[in-house]
Amino acid sequence: MANVTAKMVKELRDSTGAGMLDCKKALVEADGNMDKAVDILREKGLSKAAKKADRVAAEGLVAIKISDDNTKATVVEVNSETDFVSQNDKFVNLVNEATKTIAEGKPADMEAAKELKMADGTTLDQSFVNATATIGEKIVLRRFALEEKNDDQEFGAYQHNGGQIGVITVLEGADAATAKHLAMHIAAMSPKVISPDELDDQFITDQLAVMNHKIDQDNESRALVHKKPLPHLVYGSAKQLTDDVLAKAKEDIKAELKEEGKPEKIWDRIIPGKMQRFIDDNTQVDKQFAVLSQDYIMDDSKTVGEFLKEKGAKLVAFQRYEVGEGIEKKQEDFAAEVREQMK
């Protein structure tokens, strides 16, 4: 049996990232053969990762990298099982290295990304398997996005709450400060698309139903204090406000003014404001999900679209990643966990 030295253990650990004890055991099993020991650790790592495959990994970090020549931007989300591990130096280094690798490799999809080589020569996929084995939690590359720009465009990049949210924007005809401010707005307001035109008709219908359900709940509370109930929303997007719909709304406003006894000679001063209120009330889905329709957080007297128009700018693209977004997190029952451990 070969003599396994501390130097050999350190060399194996440096090349694989595995724990000292695991490295020593692998070298003993491999009779001192370094290559064979690496294979043993890889197999054990795959085994450990497979055992953790069904676990929920909804914590982690979002990282952003802008290329040195300022023409490419990359945003990556890497997940762990707990937020404690997401602050681990090994995890943070893995996220940063993976982001750099993806930024430089420009993979077309996740499968291509997994085959990219990291700085130590291992594939991205193997690096995450190794991390799962050494850190002791499921570690997974969840998603990534790449954006490119030309010389007439600017990137905006913003990370919020230590990397829990990451946003990149691509603006045309604007400076870097404006692009970053818009990235901050998107981080806060969580839009899904640039323009209302991108919203699917069924999505609008579904979101209207959600909003009207919330109104029903509010009305139950209002009834308890004898307040007038709020009306249901009929429309949710500018896509639904056809010429016929707007014409009818205007006629309804005129009928209302007549019933209130307002002199007809002042209607022209009243109608524009009421029409704008009608449009605002009936584009709530746009305001929630389309960034150009949202009130700009740094000046809510105007929409993002109006703000950009004043700047002579155009939003070309954006990416917003929030850690764990859309993942159903496991609900911990600590009492049940204690009972299970006592059995």
Side-chain angles (χ1 to χ4, degrees), residues 1-61 63 65 74 76-144 163 330 337 340-343:
M1 180 181 291
N3 181 35
V4 176
T5 66
K7 182 180 179 182
M8 293 167 66
V9 173
K10 183 178 184 302
E11 181 182 346
L12 183 58
R13 185 187 184 188
D14 290 344
S15 66
T16 64
M20 294 286 282
L21 186 58
D22 287 336
C23 288
K24 183 176 181 180
K25 287 180 178 179
L27 281 165
V28 170
E29 185 177 340
D31 199 23
N33 185 305
M34 192 66 67
D35 291 337
K36 187 176 179 181
V38 170
D39 289 338
I40 290 170
L41 286 174
R42 182 173 294 116
E43 289 172 7
K44 288 183 177 180
L46 285 168
S47 176
K48 288 182 180 180
K51 290 178 181 178
K52 295 176 172 63
D54 292 335
R55 295 186 182 181
V56 175
E59 302 297 337
L61 289 174
K65 180 172 178 57
T74 307
V76 171
E77 179 184 353
V78 177
N79 294 143
S80 60
E81 294 178 47
T82 65
D83 57 357
F84 177 77
V85 161
S86 70
Q87 299 169 43
N88 179 303
D89 287 343
K90 287 183 180 178
F91 181 86
V92 173
N93 291 337
L94 174 65
V95 173
N96 291 335
E97 185 64 26
T99 303
K100 180 175 183 291
T101 300
I102 290 171
E104 293 174 351
K106 297 189 292 184
D109 52 33
M110 185 61 76
E111 289 306 310
K114 289 179 178 179
E115 296 303 315
L116 293 175
K117 292 292 183 67
M118 299 277 271
D120 62 2
T122 62
T123 64
L124 203 64
D125 191 40
Q126 185 61 49
S127 294
F128 278 88
V129 170
N130 293 344
T132 297
T134 56
I135 293 175
E137 282 192 10
K138 180 180 179 181
I139 309 296
V140 59
L141 171 64
R142 185 188 182 196
R143 52 182 172 167
F144 68 89
K330 179 182 177 183
E337 186 177 331
E340 185 64 27
Q341 291 180 5
M342 291 176 66
K343 289 181 180 178

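- In the model, D83 has no side-chain atom that pairs as donor or acceptor with a side-chain atom of Q87 under 3.5 Å.
- Residues forming a side chain to side chain donor-acceptor pair (under 3.5 Å) with S86 (at least two apart in sequence, or on another chain): none.
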Could you tabulate the donor-acceptor pairs under 3.5 Å formed by side-chain atoms of residues 92-103, not counting sequence neighbours?
unit_1	atom_1	unit_2	atom_2	d
N93	ND2	D89	O	3.2
N96	ND2	V92	O	3.4
T99	OG1	V95	O	2.8
K100	NZ	E104	OE2	3.0
T101	OG1	E97	O	2.8

Can you list, pair by pair, the side-chain donor-acceptor contacts under 3.5 Å of residues 106-118, counting residues two or more places apart and other chains?
unit_1	atom_1	unit_2	atom_2	d
D109	OD1	E111	N	3.3
D109	OD1	A112	N	2.8

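- Counted by atom type alone, D125 and T123 present zero donor-acceptor pairs between their side chains at under 3.5 Å.
- The heavy-atom pair separating E59 from E81 by the smallest distance is CG-O, 3.6 Å.
- Looking only at side-chain heavy atoms (C-beta outward), L27 and M34 come within less than 4.5 Å of each other.
- The side chain to side chain contact (heavy atoms under 4.5 Å, CB included) test applied to V85 returns S80, T82, F91, I135, E137, I139, not counting sequence neighbours.
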